[in-house]
Amino acid sequence: MAFFWCTEALPLAVTALLPIILFPMMGIMKSSEVCIQYFNDTNVLFFGGLLVAIAVEHRNLHKRIALRVLLIIGVRPALLMLGFMLVTAFLSMWISNTASTAMMMPIAHAVLQQLSKSSRDRDIEEGRNNPTFGLQEISDKNKVTKHENRQIHPLPPGSLESKTNRIQKKYKFSQGMSLCVCYSASIGGLATLTGTGPNLVLQGQVNSLFPNNVNVVNFASWFGFAFPVTVIFLLLTWIWLQILFLGFNFRRNFGIEGQMQEQGRAGLEVIQREHRQLGPMTFAEKAVAVLFVLLVLLWFTRKPGFYPGWGKLAFSDAKGKSLVSDGTVAIFVGMIMFIMPSKIPGLTQDPERPGKLKGPPTLLNWKTVNEKMPWNIVFLLGGGFALAKGCEVSGLSQWLGNKLTPLQSVSPSTIVLILCIMVAAFTECTSNVATASLFLPILASIAQGICLHPLYVMVPCTLSASLAFMLPVATPPNAISFSFGGLRVSDMARAGFMLNIIGVLVVMLAINSWAFPIFNLYTFPSWAHSNSSTHCVSSESNTTLSNL
């Protein structure tokens, strides 16, 4: 499966179905036990979350949010880049990274075209060149000068050099805008459990490999850990892209120079025109927004960690454990969208059936869901869960854990750093979901073998599986930005290589600081004990902290 996933000899989703055929034939698991992995609670959460995301896209709510934020932030070069990054990252927290990139890229290029057009028109009218943003184009009539004897003389070298420099600045700013959108889409997906596939793979495999865990990875705990990672990483990415593509002239980048004002107005006109075209907020948009906020609130308050939460208070079993999960909440809100009308019901007659009233369409319909639901990812997640379960049942995980016990003499933080770098490099060439599905069962075995809290190893490598910034084929957002033109592979590789390094360092900072109280990484947990970890005891002498 690893070979097929890396080479894509078969479609990723088709490869993910191999356990259904091979595990029963090899005597590893019953077919009924394998098939149940393909639609477990984590896949239900993914499906329910996408129902809400599809409704947000279908009703165009995401575009209204994006344009409103851009109007607030403004269009000065550095702030324009930051604005697009913040909007794209926020949208990627809730809808797919691909959808957020596909929506934001045309808006970004429309703004760039308007900025370039404005400066070109002003140059023609005033007969001068405007250095604002370096986005203006060179008028053909300024390339040469004519004397009365009709001899043509080229412009002085200094003038040509200045114009060439402005064209280069325009080109680099366009590159920076394209890259900031696709990179922020990948970074934003890290913040929420449903934001990107590897996060859900982690939750599913923790629940599969350690069924006695106390729901340690849930929406609230993950958001508390990953949201600061996203904020820090996003700001560092913005600084790096600004340095790389805008240079060190911060007065110009932040629009402090007086020449920037007209250029800023041109960009604002584009955003204002797009916003006006949306018209007033419809009933459907308001309803989807309310249900979206309700979903997030229910996710956060089900099991927040610092108080029992409504899941445990209202729906608990005899042992006091919550019977509902984050997937339950997602499906509940998703079903409401199939029931709630998209318009306020009235007494409108159906023209096709005289005498009968016509009901308004619902917020969401199955045809739209069927067209926009990424069914291949559902099967890909399931295949990863089945593979992890097979590793556990067959004894491969235990064998691997026993073989890796000599690593106990190596510093845990060094092990995690090496693994993060390896996963980040691997994910550049293959699907991030496939990468997480392959590595996480092995990482769990490593942690058990050397008496480390499994999440101390699995969580940072899960985040590293999303650090695919160097190649256009690494992620769909990268491919979308690359398809708009103006980018070379070397440009993406140069910017992405540094982001990979920054990302790994931010992840290492997070897992060695605020992750400890959130996931209780201080001791080896009782729920992680297995035959390969019988030598591990939950005592102060075997804490992750003391090993560090």
Side-chain angles (χ1 to χ4, degrees), residues 13 35-59 61-62 91-96 99 189 191-208 211 215 217-223 284 287-304 309-317 321-342 361-386 433:
C35 291
I36 202 172
Q37 302 297 321
Y38 284 81
F39 209 65
N40 59 16
D41 185 64
T42 302
N43 251 341
V44 170
L45 171 61
F46 175 73
F47 178 77
L50 279 180
L51 288 179
V52 179
I54 289 170
V56 170
E57 291 182 50
H58 183 55
R59 296 300 169 184
L61 181 61
H62 59 325
L91 294 175
S92 294
M93 290 165 58
W94 315 106
I95 67 176
S96 74
T192 60
L193 200 57
T194 56
T196 188
N199 301 352
L200 288 167
V201 172
L202 171 70
Q203 188 202 40
Q205 297 211 2
V206 168
N207 293 337
S208 175
N215 195 23
V217 179
N218 55 58
F219 191 91
S221 64
W222 182 264
F223 187 83
V288 170
V290 170
L291 289 174
F292 174 76
V293 173
L294 175 65
L295 174 67
V296 175
L297 290 177
L298 289 175
W299 268 342
F300 274 113
T301 56
R302 184 187 68 83
K303 189 180 178 182
W310 63 265
K312 187 174 182 180
L313 293 175
F315 306 98
S316 59
D317 58 11
K321 294 183 178 180
S322 174
L323 293 173
V324 299
S325 67
D326 290 334
T328 309
V329 176
I331 294 296
F332 169 69
V333 175
M335 287 191 68
I336 292 177
M337 292 184 169
F338 283 101
I339 300 172
M340 181 172 288
S342 59
T362 56
L363 292 175
L364 198 58
N365 59 75
W366 187 253
K367 181 181 179 182
T368 303
V369 172
N370 196 37
E371 291 174 352
K372 295 189 176 182
M373 179 67 68
W375 299 108
N376 59 325
I377 303 299
V378 175
F379 290 120
L380 186 57
L381 286 171
F385 299 148
V433 175

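Hydrogens, waters and symmetry mates play no part in the numbers below; they use all other heavy atoms, side chains included. Each residue takes its place number in the sequence, starting with 1.
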Subject >> Beyond-backbone contact of Asn199 with Thr192, side-chain heavy atoms, under 4.5 angstrom >> reply: no
Original post:
Donor-acceptor pair, Ser316 side chain versus Leu313 backbone, under 3.5 Å?
Top reply: no
**OP:** Check whether any side-chain heavy atom of Trp375 sits under 4.5 Å from a side-chain heavy atom of Asn370, and report yes or no.
**Re:** yes
Subject >> Heavy-atom neighbours of Lys372 NZ exceed 12 at 6.0 Å >> reply: yes
Original post:
Who are the side-chain contact (heavy atoms from CB on, under 4.5 Å) partners of Asp41, not counting sequence neighbours?
Top reply: Ser325
**OP:** Output the distance between atom CG (Asn43) and atom CZ (Phe385), rounded to the nearest 0.5 Å.
**Re:** 5.5 Å
Subject >> Over 12 foreign heavy atoms within 6.0 Å of CZ, Phe223 >> reply: yes
Subject >> Distance, nearest 0.5 Å, that separates NE2 of His58 from CD of Glu371 >> reply: 9.5 Å
**OP:** Hey, can you tell me if Trp310 and Phe315 have their rings parallel, tilted or perpendicular (30° and 60° cut-offs)?
**Re:** perpendicular
**OP:** Please assess Thr194 against Trp299 for the test side chain to side chain contact (heavy atoms under 4.5 Å, CB included), listing each intermediate value before the final yes or no.
**Re:** CA-CA 11 Å; Thr194 56; Trp299 268 342; 4.1 Å; yes
Original post:
Residues in ring pair (Phe, Tyr, Trp, His ring centres under 6.0 Å) with Phe292, at least two apart?
Top reply: Trp94
Original post:
Ala386: what forms a side-chain contact (heavy atoms from CB on, under 4.5 Å) with it, not counting sequence neighbours?
Top reply: Pro19, Val34, Gln37, Tyr38
Subject >> Counterpart residues, side-chain hydrogen bond (donor to acceptor under 3.5 Å, both in side chains), relative to Asn365 (two or more places apart) >> reply: Thr368
Original post:
Once you round to the nearest 0.5 Å, how far does CG of Leu364 lie from OG1 of Thr362?
Top reply: 6.5 Å
Original post:
Do the non-hydrogen side-chain atoms of Phe338 and Val369 ever get within less than 4.5 Å of each other?
Top reply: yes
Subject >> Other residues, nucleotides, ligands: >12 heavy atoms within 6.0 Å of Ile36 CD1 >> reply: no
Original post:
Is the backbone N or O of Asn215 less than 3.5 Å from a side-chain atom of Asn218, with the two atoms forming a donor-acceptor pair by type?
Top reply: yes
Which donor-acceptor pairs under 3.5 Å do the side chains of residues 44-56 make with protein atoms, sequence neighbours left out?
none

Subject >> Exam field: side chain Asn207 to backbone Gln203, donor-acceptor pair closer than 3.5 Å >> reply: yes
Original post:
Any side-chain heavy-atom pair from Val288 and Leu291 closer than 4.5 angstrom?
Top reply: no
Original post:
Partners of Asp326 by side-chain hydrogen bond (donor to acceptor under 3.5 Å, both in side chains), sequence neighbours excluded?
Top reply: Arg302
